[in-house]
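Quick notes on the structure that follows.
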Amino acid sequence: VLDQGKVRFVGTVPQLMAISEVRRYVLQLEGRTSDGAMLVSAANEALSPMATVSLAEDSQGRNCLLDLEDGAVLGDAISAMTAAGIRVLACREDRSGIETAFLNLTKKTDP
């Protein structure tokens with residue numbers, strides 16, 4: 001990867017993806033409500049300011065995307081949701097695309 005004439009990374013695509021810091025997770029949640037929008041609202045209230053939660057497009061009110069702020073820890077976010085009565089049934093990394101890996105590597109943001 002070249003950025004402004006400087007070599008930023010040498011390696012394979014899987015190696016580039018591996019060094020990209022994961023800041024987004026897909027969560028399967030079980031909460032006190034069956035309404036996905038209310039569940040997201042409750043999660044955001046519990047997580048402020050360490051993370052934000054949004055409803056995944058393909059979900060039916062249970063799968064959400066968790067975006068951690070810089071310095072936030074996944075375990076702390078899950079603990080905060082648990083304390084608010086929101087159970088995390090499953091959690092996995094949302095593997096970033098190569099463009100996101102490049103942007104993370106070069107510290108640029110999307111236009």
Side-chain angles (χ1 to χ4, degrees):
V1 174
L2 293 174
D3 179 42
Q4 298 181 354
K6 295 180 182 177
V7 175
R8 297 288 185 157
F9 176 81
V10 176
T12 65
V13 171
Q15 290 170 328
L16 174 62
M17 301 298 283
I19 66 166
S20 178
E21 184 178 359
V22 177
R23 305 300 303 161
R24 176 175 269 189
Y25 297 86
V26 178
L27 303 177
Q28 183 181 7
L29 302 178
E30 175 183 278
R32 291 183 288 215
T33 178
S34 61
D35 181 29
M38 291 178 67
L39 186 60
V40 166
S41 178
N44 279 318
E45 186 176 321
L47 291 169
S48 184
M50 76 175 93
T52 57
V53 173
S54 58
L55 197 58
E57 288 181 24
D58 62 345
S59 78
Q60 295 178 343
R62 295 288 184 226
N63 293 330
C64 299
L65 298 174
L66 171 71
D67 290 297
L68 294 175
E69 297 296 328
D70 288 340
V73 177
L74 177 61
D76 293 342
I78 291 173
S79 293
M81 286 188 289
T82 301
I86 303 166
R87 291 186 53 210
V88 178
L89 303 176
C91 176
R92 68 175 168 81
E93 294 177 353
D94 182 25
R95 299 305 279 166
S96 64
I98 194 165
E99 180 180 355
T100 302
F102 173 81
L103 294 172
N104 287 341
L105 183 67
T106 60
K107 303 296 184 214
K108 295 179 182 175
T109 57
D110 282 329

(request) Nearest 0.5 Å please: distance from the CZ atom of Arg24 over to the OG atom of Ser54. (result) 5.5 Å
(request) Would you indicate whether the side-chain heavy atoms of Tyr25 and Arg92 approach each other to under 4.5 Å? (result) no
(request) Find out whether Val88 and Met81 are in side-chain contact, i.e. whether some heavy atom of one side chain is under 4.5 Å from a heavy atom of the other. (result) yes
(message) Taking side-chain hydrogen bond (donor to acceptor under 3.5 Å, both in side chains) as the definition, give me every residue that meets it alongside Asn44, ordered by chain and number, with sequence neighbours left out.
(response) none
(request) With sequence neighbours excluded, tell me which residues meet side chain to side chain contact (heavy atoms under 4.5 Å, CB included) with Val1. (result) Arg8, Phe9, Leu16, Phe102, Leu105
(message) Going by the rule salt bridge (Lys or Arg N to Asp or Glu O under 4.0 Å), which residues pair with Asp76 if we only count those two or more places apart in sequence or in a different chain?
(response) none
(request) Tell me, please, which residues at least two apart from Glu45 pass side chain to side chain contact (heavy atoms under 4.5 Å, CB included). (result) none
(message) Quick check: do Leu65 and Val53 have side-chain heavy atoms less than 4.5 Å from each other?
(response) no
(message) Please enumerate all residues that pass side chain to side chain contact (heavy atoms under 4.5 Å, CB included) together with Ala51, with sequence neighbours excluded.
(response) Leu47, Leu66, Leu68
(request) Enter the distance from Cys64:SG to Gln28:CD here, rounded to the nearest 0.5 Å. (result) 10.0 Å
(request) Quickly, which of Leu27, Asp67, Val26 forms a side chain to side chain contact (heavy atoms under 4.5 Å, CB included) with Asp94? Name it, please. (result) Val26
(message) Minimum heavy-atom separation for Met50 and Ala72, please, with both atom names.
(response) O-CB, 3.3 Å
(request) Kindly give the cluster partners of Leu89, where membership spreads through any ILVMFWY side chain lying under 4.5 Å from a current member. (result) none
